[in-house]
Amino acid sequence: MRYNLAKSRLEETVTFATKLPSECTDDPIKIKSHGRFYQWGVGSKSWDTTSSSVSEWNGTSPMPQDTMWLEANDPCPRDYRLPTNDEFVALKNATTQTNGGGWNASDYGYKIFTSGNLKLEFPAVGCRDNSNGSLSLNGTYGYYWSSTQGNSSNGYGMYFGSSSVGPSHYYYKTLGLSVRCVRD
């Protein structure tokens, strides 16, 4: 998809971010491109990307122990799903990555993945801390869940900053990361 996931199909009617980061010329934080944060394997609850406080944060309970993010908990709309770790690796290897935005808390950065005439923009909205759900690294890094489990406590995801892109990273399942759906 071109946009980050906002509300999942398990929460209510599916919604997505409404603009690409490059289209948010009137808002340096680029909030209309953000979507929401999810914990690994749990598609029934999400959190916004700008509020300093959160409710119902699960920082200690065991998260799903499945080898893949199960379809029953997948927040993506029907006929879509979370990408696998291998698909994030393929995205990195098949594209050229460039930067947009200011890469700071007052002018959020974003990574542009380009292959020929095709472009995908991923906003650097940071993440929510695994222990208490506080915002972290907003504007300077982007973190996106894959559907692939690393081990019982960690899931794979992709991260990027202004000078790097790294698929195949382990993250605590209790972190809140962004979600970008792919067609099944």
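All figures in this text were calculated on a predicted structure; none of them were measured in a lab.
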Residues that Tyr80 engages under side chain to side chain donor-acceptor pair (under 3.5 Å), provided they are two or more places apart = Arg183
Side chain to side chain donor-acceptor pair (under 3.5 Å) filter on Asp86, not counting sequence neighbours, yields none
Are side-chain N/O atoms of Lys45 and Gln39 paired as donor and acceptor at under 3.5 Å?
-> no
Can you list the residues that meet the disulfide bond (SG atoms under 2.5 Å apart) rule with Cys127, with sequence neighbours excluded?
-> none
Only one of Leu120, Leu20, Thr18, Thr15 forms a side-chain contact (heavy atoms from CB on, under 4.5 Å) with Tyr3, so which one is it?
-> Leu20
Would a 4.5 Å heavy-atom cut-off, applied to side chains only, mark Val182 and Arg81 as touching?
-> yes
Residues Glu87, Lys92: salt bridge by 4.0 Å N-O rule | no
Sequence neighbours excluded, the answer for side chain to side chain donor-acceptor pair (under 3.5 Å) partners of Thr98 is none
Identify the two heavy atoms, one from Trp40 and one from Asp66, that lie closest to each other, and give their separation to 0.1 Å.
-> CH2-O, 3.4 Å
Residues 16-39 vs salt bridge (Lys or Arg N to Asp or Glu O under 4.0 Å), sequence neighbours excluded, gives Lys30-Asp107
Sequence neighbours excluded, the answer for disulfide bond (SG atoms under 2.5 Å apart) partners of Cys24 is none
Over all atoms of both residues, closest heavy-atom pair of Trp69 and Tyr38 = CH2-CB, 4.3 Å
Separation between CD of Gln149 and OH of Tyr170, rounded to the nearest 0.5 Å | 9.0 Å
Quick one: pull up CZ in Arg2 and SG in Cys181 and give me the separation to the nearest 0.5 Å.
-> 15.0 Å
Not counting sequence neighbours, which residues clear ring pair (Phe, Tyr, Trp, His ring centres under 6.0 Å) with Trp103? List them please.
-> none
What's the shortest heavy-atom distance between Ala6 and Glu11, and which atoms?
-> O-OE1, 4.2 Å
Heavy-atom check, side chain of Leu177 versus side chain of Tyr144, under 4.5 Å | no
How long is the span from the OG atom in Ser147 to the CG atom in Leu82, to the nearest 0.5 Å?
-> 6.0 Å
Are the side chains of Met63 and Thr174 in touch, meaning some heavy atoms are under 4.5 Å apart?
-> yes
Between Asn138 and Tyr108, does any side-chain donor sit less than 3.5 Å from a side-chain acceptor?
-> yes
Start with the C-alpha gap between Ile31 and Thr50, add the side-chain angles, then the distance that decides, and say whether side-chain contact (heavy atoms from CB on, under 4.5 Å) holds.
-> CA-CA 8 Å; Ile31 195 165; Thr50 58; 3.6 Å; yes
Which distance, rounded to the nearest 0.5 Å, do you find between the OG of Ser8 and the CG of Asp74?
-> 9.0 Å
Look at the side chain of Arg128 and the backbone N and O of Gly133, then say whether any donor-acceptor pair between them is shorter than 3.5 Å.
-> yes
Can a cation-pi geometry be assigned to Arg180 and Phe122, taking NZ or CZ under 6.0 Å from the six-membered ring centre and within 45° of the ring axis?
-> yes
Rounded distance (nearest 0.5 Å) linking atom OG of Ser134 with atom CH2 of Trp57 = 9.0 Å
Pairwise distance CZ(Phe113) to CG(Leu91) - rounded to 0.5 angstrom = 5.0 Å
Taking the side chain as C-beta and beyond, is there a heavy-atom pair between Phe37 and Thr49 under 4.5 Å?
-> yes
Taking atom types as modelled, find out whether Ser22 and Glu121 have a side-chain donor-acceptor pair closer than 3.5 angstrom.
-> yes
Quick check: does any side chain N or O of Thr84 sit under 3.5 Å from a backbone N or O of Thr148, one acting as donor and the other as acceptor?
-> no
Sub-3.5 Å donor-acceptor pair from the side chain of Lys173 to the main-chain atoms of Val42, do we have one?
-> no
Say whether Ser136 and Asp129, considering side chains only, have a donor N or O and an acceptor N or O under 3.5 Å apart.
-> no
Is there a donor-acceptor pair under 3.5 Å between the side chain of Thr140 and the backbone N or O of Leu137?
-> yes
Donor-acceptor contacts under 3.5 Å from residues 154-162 side chains, at least two apart:
unit_1	atom_1	unit_2	atom_2	d
Asn154	OD1	Tyr172	N	3.3
Asn154	ND2	Asn151	OD1	3.0

Shortest non-hydrogen pair, Pro83 vs Phe88, comes out as CG-CZ, 3.5 Å
Taking Asn85 for its side chain and Ser168 for its backbone only, find out whether a donor-acceptor pair lies under 3.5 Å.
-> yes
Side chain to side chain contact (heavy atoms under 4.5 Å, CB included) partners for Ser115, two or more places apart | Thr95
His34 and Ile29 have their tightest heavy-atom pair at NE2-O, 2.9 Å
Would you please name every residue forming a side chain to side chain contact (heavy atoms under 4.5 Å, CB included) with Val14, sequence neighbours left out?
-> Leu5, Arg9, Phe16, Pro77
What pairs with Asn130 under side chain to side chain donor-acceptor pair (under 3.5 Å), at least two apart in sequence or on another chain?
-> none
Scanning both residues in full, the closest heavy-atom pair of Ser33 with Pro123 reads O-CG, 3.2 Å
Partners of Tyr143 by ring pair (Phe, Tyr, Trp, His ring centres under 6.0 Å), sequence neighbours excluded?
-> Tyr171
